[in-house]
Amino acid sequence: MVVTVLAWAGSWIAMKMVVPYIGPFDFVVIRYVCGGAVLLAVALAMRRSLSMPSWRLTIAVGLTQTAAFQGMVQMALVHGGVAKVSLMAYTMPFWVVLFGWILLGERPTRRHWLGIGLAAVGLVCVIAPWNRIGDNASVLMGVAGGMFWGLGTVLAKRGFNRLEPDIVVFTGWQMFFGGIAMVPVALAVPQIDAVWNRQLVLGMAYIILIASAAGWLLWLIVVRRVPASVAGMSSLGTPVIAALLAWPIFGERPPPVEGLGMVLILCGLVVVARAAGRSPPRPLPV
């Protein structure tokens with residue numbers, strides 16, 4: 001998980017750097033079709049079967065965790081800063097708590113609700129509805145991305161509990177399907193033409209090989225081995241590291257109110273993380 005956090009923190013910087021040179025939907029298609037193909041090639045090299053016990057589950061995870069999540073985030077990065085957008089996307093653990101309650105029967109505790117309350121206040125500070133709506137649009141897209149990621153995480157966890165698919169093959173197929181699902185959007189929505197300069201090539205190489213193929217594989221290994229809520233909380237270092245990197249690289253120094261909102265959100269995440277670590281999930285009564 002430590003390697004995953006570091007790889008994903010770097011990917012936020014790389015994504016912001018390539019935004020001026022490629023359309024957001026073209027980026028998603030190339031990232032995940034190529035990343036999925038890399039993992040499927042690895043599976044073939046390891047002589048593993050490419051069949052899946054449930055194609056419906058694989059496609060559902062690809063549409064939510066890959067296509068919808070990354071599409072929303074990439075659009076948000078066009079207009080918003082790395083620190084704010086990444087933090088909004090990492091409201092994912094709260095959505096995991098909600099969807100885990102609905103789909104897995106993991107009932108939230110009082111600590112969960114306390115953490116969600118802190119994060120809600122922080123979210124208002126970050127969104128700052130008293131400011132111009134343009135910046136708020138990127139925040140809302142980031143939150144929507146986090147919601148889809150949380151739903152995909154819970155769907156994957158339920159599938160792992162019931163079906164135990166091959167993790168390399170499952171990760172490769174869900175990424176590949178998610179990328180393919182974005183092709184019609186990439187063709188229909190007007191975007192800038194890709195400029196394949198050195199910065200774009202190096203950025204895409206890092207994102208495809210490190211952040212996508214390796215990062216998502218490691219992430220789903222964590223999701224398979226621990227409760228969904230714990231998996232969500234274990235990723236919280238990513239937006240913190242991404243925000244720290246964005247400060248010197250892009251000069252993204254958050255204003256005081258926004259900084260306070262980020263602190264409140266992180267405090268809420270920590271409270272939920274401690275709740276997940278101290279008490280086992282309680283199933284819903286039948």
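Computation of the quantities below employed the complete heavy-atom set of this structure, encompassing side-chain atoms and omitting hydrogens, waters and symmetry-equivalent molecules. Note that the numbering runs from 1 along the sequence shown for the chain.
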Results of side chain to side chain contact (heavy atoms under 4.5 Å, CB included) for V3 - residues two or more places apart only | L218

Partner residues of T66 under the side chain to side chain donor-acceptor pair (under 3.5 Å) criterion, sequence neighbours left out | Q174

Measure the shortest side-chain to side-chain distance between W219 and Q65 over non-hydrogen atoms and say whether it is less than 4.5 angstrom.
-> yes

Answer yes or no: is there a donor N or O on one side and an acceptor on the other, between the side chain of W173 and the main chain of L40, under 3.5 Å?
-> no

Worked check of side chain to side chain contact (heavy atoms under 4.5 Å, CB included) between I22 and I30 | CA-CA 10 Å; I22 189 171; I30 294 173; 3.9 Å; yes

Would a hydrophobic clustering, with Ile, Leu, Val, Met, Phe, Trp and Tyr connected at side-chain separations under 4.5 Å, put M204 with V195?
-> yes

Which pairs, with at least one residue in residues 152-170 and sequence neighbours excluded, count as a salt bridge (charged side-chain N to carboxylate O under 4.0 Å, His left out)?
-> R48-D166

Backbone of I192 reached by a side-chain donor or acceptor of Y21 within 3.5 Å = no

Nearest heavy-atom approach of A181 to L63 is CB-CD2, 3.4 Å

Sort and list the pairs that fulfil salt bridge (charged side-chain N to carboxylate O under 4.0 Å, His left out) and have at least one residue in residues 181-190, not counting sequence neighbours.
-> none

Ring pair (Phe, Tyr, Trp, His ring centres under 6.0 Å): which pairs involve residues 57-76, sequence neighbours left out?
-> F69-W149

Side chain to side chain donor-acceptor pair (under 3.5 Å) filter on T58, not counting sequence neighbours, yields none

Can you sort out the partners of I249 under side chain to side chain contact (heavy atoms under 4.5 Å, CB included), two or more places apart, ordered by chain and number?
-> I13, L245

4.5 Å side-chain heavy-atom contact, L39 and F176 | no

V42 and M46, any side-chain heavy atoms less than 4.5 Å apart = yes

When every non-hydrogen atom of V73 is compared with those of A89, the smallest separation belongs to CG2-CB, 4.0 Å

What distance do S49 atom OG and L44 atom CG have between them, rounded to the nearest 0.5 Å?
-> 9.5 Å

Working to the nearest 0.5 Å, report the span between OG1 of T171 and CG of L217.
-> 5.0 Å

V263-V257 co-clustered via ILVMFWY side chain contacts under 4.5 Å | no

Least distance between heavy atoms, G152 atom then T64 atom | CA-OG1, 3.2 Å

Which residues pass the side chain to side chain contact (heavy atoms under 4.5 Å, CB included) test with A60, sequence neighbours left out?
-> L155

Are I208 and L202 joined in one hydrophobic group, where the rule is that I, L, V, M, F, W and Y side chains link up if heavy atoms are under 4.5 Å apart?
-> no

Is there side-chain contact between V96 and M92, with at least one heavy-atom pair below 4.5 Å?
-> yes

So, for A14 and Y206, which heavy atoms are closest and what is the spacing to 0.1 Å?
-> CB-CD2, 4.2 Å

Side chain to side chain contact (heavy atoms under 4.5 Å, CB included) against V185, all qualifying residues, sequence neighbours excluded | F25, M182, V189

Looking only at heavy atoms, what is the nearest atom pair of G35 and A213, with distance?
-> O-CB, 4.0 Å

Of all the heavy-atom pairs spanning M52 and P165, show the shortest one and how long it is.
-> CE-CB, 3.6 Å

For residues 180-196, the side-chain hydrogen bond (donor to acceptor under 3.5 Å, both in side chains) pairs (sequence neighbours left out) are D26-Q191

Could you tell me the separation between the CD1 atom of I207 and the CH2 atom of W12, rounded to the nearest 0.5 Å?
-> 11.0 Å

List in chain and number order the residues that pass ring pair (Phe, Tyr, Trp, His ring centres under 6.0 Å) with F170, two or more places apart in sequence or in another chain; answer none if no residue qualifies.
-> F160

Residues which pass side chain to side chain donor-acceptor pair (under 3.5 Å) with W216, listed by chain and number, not counting sequence neighbours | Y32

F27 and P24, any side-chain heavy atoms less than 4.5 Å apart | no

Hey, are the side chains of W95 and L151 touching, using non-hydrogen atoms and a 4.5 Å cut-off?
-> no

Take M147 and M72 through the test side chain to side chain contact (heavy atoms under 4.5 Å, CB included) and record every step on the way to the result.
-> CA-CA 10 Å; M147 180 191 71; M72 289 288 181; over 6 Å; no

V154 side chain reached by I102 side chain, heavy atoms, under 4.5 Å | no

